[in-house]
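Here the structure is laid out as structure tokens; the discussion comes afterwards.
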Amino acid sequence: MIYFVNQDYFPSKVAGGSAKSILLLRELISENKLNSEVIFKDNYSSFKYDSKDIVVLNSIFGSVCRKILFRFIMKKPARCIIIPRGELLAGAIKNSSFKKHLYIKFVKNIYNKLNFEWVATSVRERDAIELLMEPKIKPKLNSNLLRNIPFNSSINRVNDLCSIGRLELKKNQIFLKNIKHKVDLYGALSNEKEYIMRVDKIQNLSYLGNIDPDKMSQLYSEYRINL
């Protein structure tokens, strides 16, 4: 059995991207006749694994994933795969830096015993894992899975471009000021008020609020290009 452990509930208005990617991965695995299950925050308490199972942690600092990692000290699964999901990038590490670095030391101390495997979803994340953990660690590089959604030509929209994601500096929506098209932005607001003010001042960007995950497929189908 392959278990995917995600820190958040699903659907989630503020953390839907990684959870959606994990669900798509499970669908892909099911198509290949392999047994898998996704563990979310709301069904974590009943989660039990065997020493023959594969456990994929879709976070490193999340409380649910931390608790499961502590369990591994007593009973190791056949394989443990960690996908930090950006939590080891410099901007994320700055928040509660002291506590996070202490926890990183703990993870490094039990690394040899548990023989973790690491997966990065970007080159920057791969470099961050190697920098903070051990140089000998060579994370595999795999981008988030996306579902191809056909364009709905029956809907006549003024704008052809949209971007869905939390408004924050590491998402870098302000880079879109360099394209000569209007872009609709959707997603949760971060606490980075100065960055949000910068986005508001860019004429070709329009923030249209957050969106429920179950409405994303319909929204994507209404735009020619999704950024």
Side-chain angles (χ1 to χ4, degrees), residues 1-26 36-49 53-77 79-111 113-122 124-126 128-133 137 139-145 165-171 187-192 210 213:
M1 175 71 80
I2 303 173
Y3 291 102
F4 297 97
V5 183
N6 194 74
Q7 174 62 25
D8 303 286
Y9 297 98
F10 189 83
S12 171
K13 293 184 179 180
V14 297
S18 60
K20 188 67 175 179
S21 180
I22 287 297
L23 288 175
L24 291 174
L25 183 57
R26 184 195 177 191
S36 63
E37 184 176 345
V38 181
I39 306 299
F40 290 116
K41 199 170 184 177
D42 52 351
N43 64 340
Y44 154 73
S45 58
S46 61
F47 169 55
K48 294 182 180 179
Y49 65 94
D53 295 327
I54 298 172
V55 182
V56 182
L57 301 181
N58 202 32
S59 169
I60 184 171
F61 295 124
S63 59
V64 171
C65 292
R66 288 203 315 270
K67 291 174 182 176
I68 292 176
L69 198 61
F70 280 117
R71 288 191 195 179
F72 291 166
I73 299 175
M74 303 300 295
K75 184 172 71 173
K76 180 181 178 298
R79 291 173 66 188
C80 172
I81 301 171
I82 302 180
I83 311 177
R85 297 289 180 179
E87 293 177 339
L88 294 179
L89 295 177
I93 286 291
K94 286 181 181 179
N95 298 322
S96 303
S97 176
F98 179 72
K99 291 181 179 179
K100 287 181 177 178
H101 280 289
L102 280 180
Y103 185 68
I104 287 172
K105 285 186 178 181
F106 162 74
V107 173
K108 289 170 69 173
N109 285 335
I110 63 173
Y111 166 76
K113 178 181 179 180
L114 297 179
N115 195 25
F116 302 136
E117 299 173 47
W118 297 83
V119 174
T121 54
S122 69
R124 287 180 60 225
E125 183 169 60
R126 181 191 63 191
I129 293 172
E130 293 179 353
L131 176 66
L132 291 171
M133 293 303 167
I137 292 177
K140 295 179 181 178
L141 183 60
N142 287 297
S143 300
N144 287 337
L145 288 179
R166 186 193 300 271
L167 259 65
E168 57 188 355
L169 182 60
K170 69 178 182 180
K171 299 291 187 183
L189 292 174
S190 68
N191 294 323
E192 301 172 7
N210 203 358

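Counting heavy atoms from C-beta on, the side chains of H101 and S97 come closer than 4.5 Å. Side chains of V5 and Y49 form no contact here, defined as non-hydrogen atoms less than 4.5 Å apart. Counting heavy atoms from C-beta on, the side chains of R71 and F47 come closer than 4.5 Å.
No more than 12 heavy atoms of other residues, nucleotides or ligands sit less than 6.0 Å from atom NZ of K105.
In this structure, the separation between NZ on K48 and CE on M1 is 14.0 Å, given to the nearest 0.5 Å. Annotation: the span from Y3 atom OH to D53 atom CG amounts to 5.0 Å, rounded to 0.5 Å. Taking NZ of K108 as the reference point, atom CZ of F116 lies at 13.0 Å (rounded to 0.5 Å). Taken from CD1 in I81 to CD1 in I54, the straight-line distance is 6.0 Å, to the nearest 0.5 Å. From I104, atom CD1 reaches atom CG of L88 across 5.5 Å, with rounding to the nearest 0.5 Å. One distance of note links CG of L57 with CG of L69; it measures 6.0 Å at 0.5 Å rounding.
Put simply, the side chain of E125 never gets that close to the backbone of L89: no donor and acceptor are under 3.5 Å apart. For K100 (side chain) and E87 (main-chain N/O), no donor-acceptor pair under 3.5 Å exists by modelled atom type.
E168 pairs by the salt bridge (charged side-chain N to carboxylate O under 4.0 Å, His left out) definition with R166, not counting sequence neighbours. Judged as a side-chain contact (heavy atoms from CB on, under 4.5 Å), and not counting sequence neighbours, the contacts of R126 are A120, V123, E130, P139, L141. Residues passing the salt bridge (charged side-chain N to carboxylate O under 4.0 Å, His left out) test with R79 are E117, sequence neighbours excluded.
Ring-plane geometry between F106 and F70 is classed as tilted, the angle between the planes lying from 30 to 60 degrees on a 0 to 90 degree scale.
C65 and N58 get closest at one heavy-atom pair: SG-N, 4.1 Å. A pairwise comparison of heavy atoms in L167 and S190 identifies O-OG, 2.5 Å as the closest pair.
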Show your reasoning for whether side chain to side chain contact (heavy atoms under 4.5 Å, CB included) applies to I93 and L132.
CA-CA 10 Å; I93 286 291; L132 291 171; 4.0 Å; yes
